[in-house]
Amino acid sequence: MTGHEFAGEIVELGANVHDLRVGQRVSGEGHLIGKTSRQSRSGKFHLDPETRGIGVNEPGAFADYLRLPAFNAVPLPDTIDDEIGAILDPLGNAVHTALSFDLIGEDVLVTGAGPIGIMAAAVARHVGARHVVITDVNPLRLDLAAKVADVVPVNVATEDLKEVMSRLHMVQGFDVGLEMSGSQAALDQMVESLVMGGRIALLGIPPGKSPVDWSRIVLKSLTLKGIYGREIFETWYKMIAMLENGLDVRRVITHRFPVSDYREGFEAMLSGKSGKVVLDWA
C-alpha cells in the first residue's frame with residue numbers, strides 16, 4: 001500500500017481511446033513517461049528521465065476515481081482477481097529484479113524479506129532457481145517468506161550464513177544476489193557470499209550515501225545492475241503469465257481492510273508485522 005498500487009474498473013473513457021471499454025478491469029502502470037527522450041522513443045520506457053510517479057510526483061490512488069493515461073492501463077484477465085491486481089505494481093518490482101539475470105539452476109541470495117523481497121524469492125523459485133536463501137533480522141517477515149515460497153529463511157542476527165551455505169552443499173557461493181533491503185551491511189555480506197563473476201540486482205535504496213568496498217567488487221568480477229520500477233510493459237506480460245501459470249504470492253497479503261479503516265491499514269504497514277496491506281473500496 002503505497003498510494004500507486006491499484007486495480008479497478010474503467011468508468012469513463014477519453015475521446016480517442018478505442019482499445020479499452022467501460023467496465024473493464026485494469027491495473028495501472030504507475031510511471032507516467034515522456035515521449036521525447038531517446039530512451040522513450042526507442043521503447044525503453046522504464047528508463048525515460050522525464051518519468052513522474054503516481055503517488056509521488058502526481059496525485060495518488062487513494063481516491064474514488066483516478067485519471068490515468070490509456071497507455072498505462074493494463075487489462076486484467078479473469079484469472080487475476082482484484083486483490084492480486086492491486087499488488088501487481090510491487091510484484092512487478094520483484095519480477096523486474098528477479099528476472100534481471102538467468103536463474104535456471106542457480107543459487108540465489110535475497111537480502112531483505114519485505115513483501116517485494118519475498119515475492120522476488122518466490123519468482124526465483126518459480127522460474128527454476130536451485131536454492132533460494134532470503135535473509136533479514138525480522139523473524140516475522142522471515143516466517144512469512146517461508147509461508148509464501150519454497151525458500152530458506154535466514155535470520156542473520158542469530159544464524160551464520162556460511163553455515164547455511166555449507167548445509168546446502170554450496171561450494172563456492174551464490175550465483176545471483178537480489179538486494180532488496182537498502183542495507184549496506186546486507187550488500188557487504190552479499191558481496192562476500194557471491195561466487196567469482198557473480199551478479200547482483202539492486203532494488204533496495206540506502207537511506208543516504210554508503211561506503212562501498214569497490215575493490216572487493218572489482219577483484220571478484222561482480223556485475224551490479226540497478227533496478228528502477230518495472231520494464232514497461234515486458235514485466236507486466238511476464239508476471240501476468242507467471243500468475244496464470246502457477247506463481248502464487250497471495251499469502252504475502254497479510255491484512256485486508258475496508259477503505260474506511262485506512263488508519264488501521266497504515267498502522268499495520270508501519271508496524272513491521274505485516275506483508276502487503278490491501279484496502280477494499282467495494
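Side chains are part of it too, since the values below use all heavy atoms of this structure and drop only hydrogens, waters and symmetry mates.
Going from atom CG of Asn93 over to atom CE of Met239 covers 8.5 Å, rounded to the nearest 0.5 Å. From Glu179, atom CD reaches atom OG1 of Thr135 across 8.0 Å, with rounding to the nearest 0.5 Å. Rounding to the nearest 0.5 Å gives a distance of 14.0 Å between NZ of Lys44 and CD of Glu234. The CG atom of Asn72 lies 7.0 Å from the CD1 atom of Ile232; values are rounded to the nearest 0.5 Å. Within the model, atoms CG of Leu91 and CZ of Arg230 stand 10.0 Å from one another, a figure rounded to the nearest 0.5 Å. Atom CD in Glu267 sits 10.5 Å away from atom OH in Tyr262 (nearest 0.5 Å).
Heavy atoms of other residues, nucleotides or ligands lying less than 6.0 angstrom from CG of Leu270 number more than 12. Summarising the local packing, CD of Gln172 is surrounded by 12 or fewer heavy atoms from other residues, nucleotides or ligands at distances under 6.0 Å. The 12-atom threshold is not exceeded at CD1 of Ile104, counting heavy atoms of other residues, nucleotides or ligands nearer than 6.0 Å. In this structure, Tyr237 places its OH atom where only 12 or fewer heavy-atom neighbours from other residues, nucleotides or ligands lie under 6.0 Å away.
Shown here for Val151 and Ala145, the closest heavy-atom pair between the two residues is CG2-O, 3.7 Å. Counting all heavy atoms, side chain and backbone alike, Pro115 lies closest to Lys276 at CB-CD, 3.4 Å. Taking each heavy atom of Gly34 and Ser40 in turn, the nearest pair found is O-OG, 2.8 Å. Counting all heavy atoms, side chain and backbone alike, Leu66 lies closest to Pro59 at CD1-O, 4.3 Å. Residues Val249 and Leu243 come closest through the heavy atom pair CG2-CD2, 4.4 Å. Among all heavy-atom pairs drawn from Asp136 and Gly114, the shortest one is OD2-N, 4.2 Å.
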(message) Between Asp280 and Arg256, is the salt bridge (charged side-chain N to carboxylate O under 4.0 Å, His left out) condition met? List the steps.
(response) CA-CA 7 Å; Asp280 190 349; Arg256 299 164 176 85; over 6 Å; no
(request) Apply the test side chain to side chain contact (heavy atoms under 4.5 Å, CB included) to residues Glu12 and Tyr65: give CA-CA distance (whole Å), side-chain angles for both, the deciding distance (0.1 Å), then the verdict. (result) CA-CA 10 Å; Glu12 188 175 343; Tyr65 300 97; over 6 Å; no
(request) Evaluate side chain to side chain contact (heavy atoms under 4.5 Å, CB included) for Lys225 paired with Arg199, printing each intermediate quantity in order. (result) CA-CA 8 Å; Lys225 178 182 179 182; Arg199 295 147 291 162; over 6 Å; no
(request) Please report the C-alpha distance between Val17 and Asp19 in whole Å, then the side-chain angles of each, then the deciding distance to 0.1 Å, and finally whether the side chain to side chain contact (heavy atoms under 4.5 Å, CB included) criterion is met. (result) CA-CA 6 Å; Val17 179; Asp19 56 348; 4.1 Å; yes
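Look at Arg167 and Glu159 and you find no salt bridge, because none of the NZ, NE, NH1 or NH2 atoms lies under 4.0 Å from a carboxylate O. Salt-bridge annotation for Asp81 and Arg250: present, with a side-chain N of the basic residue lying under 4.0 Å from a carboxylate O of the acidic one. We find that Lys35 and Asp48 are not joined by a salt bridge, their nearest charged nitrogen and carboxylate oxygen being 4.0 Å or further apart.
Checking side-chain atoms of Arg25 against main-chain N and O of Ile80 turns up a donor-acceptor pair under 3.5 Å. Formation of a donor-acceptor pair under 3.5 Å by the Asn138 side chain with backbone atoms of Arg141 is found in this model. Formation of a donor-acceptor pair under 3.5 Å by the Ser166 side chain with backbone atoms of Glu163 is not found in this model.
Side-chain atoms of Leu20 and Pro75, non-hydrogen and from C-beta on, do get closer than 4.5 Å to each other. In this structure the side chain of Gln184 never reaches within 4.5 angstrom of the side chain of Pro206, judged on heavy atoms. Taking 4.5 Å as the limit, some side-chain heavy atom of His46 sits within range of a side-chain heavy atom of His96. Using a 4.5 Å heavy-atom cutoff, the side chains of Pro69 and Leu32 are in contact. Proximity of Val74 to Ile240: side-chain heavy atoms (C-beta onward) are separated by under 4.5 Å at one or more points. Residues Val252 and Thr254 are not in side-chain contact: their nearest non-hydrogen atoms beyond the backbone lie 4.5 Å or more apart. Using a 4.5 Å cut-off on side-chain heavy atoms (C-beta onward), Leu68 and Val26 make no contact.
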List, one per line, each side-chain donor-acceptor pair under 3.5 Å for residues 117-129, sequence neighbours excluded.
residue : atom : partner : partner atom : Å
Arg125  : NE   : Asp150  : O            : 2.9
Arg125  : NH1  : Ala129  : O            : 2.9
Arg125  : NH1  : Arg130  : O            : 2.6
Arg125  : NH2  : Asp150  : OD2          : 2.7

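Grouped by direct or indirect side-chain proximity (heavy atoms under 4.5 Å, Ile/Leu/Val/Met/Phe/Trp/Tyr only), Trp214 sits with Leu109, Val133, Val137, Val152, Val154, Val156, Leu161, Val164, Met165, Leu168, Met170, Phe174, Leu187, Met190, Val191, Leu194, Ile200, Leu202, Val212, Ile217, Leu222, Leu224.
Cluster annotation: Val132 is not connected to Val195 through the hydrophobic network of ILVMFWY side chains, with a link wherever side-chain heavy atoms come within less than 4.5 Å. Hydrophobic clustering (ILVMFWY, side-chain heavy atoms < 4.5 Å, transitive): Phe233 and Leu76 are in one cluster. The hydrophobic cluster containing Val56 does not contain Tyr228, counting ILVMFWY residues as joined when their side-chain heavy atoms lie under 4.5 angstrom apart, directly or transitively. Hydrophobic cluster membership is shared by Phe101 and Ile116, with clusters built from Ile, Leu, Val, Met, Phe, Trp and Tyr side chains linked at under 4.5 angstrom.
Neither side chain, Glu50 nor Ser37, offers a donor N or O lying under 3.5 Å from an acceptor on the other.
Partner of Glu58 under the side chain to side chain donor-acceptor pair (under 3.5 Å) criterion, chosen from His31, Arg67, Arg52: Arg52.
Checked against a 6.0 Å centroid threshold, the rings of Phe257 and Phe266 do not count as neighbours.
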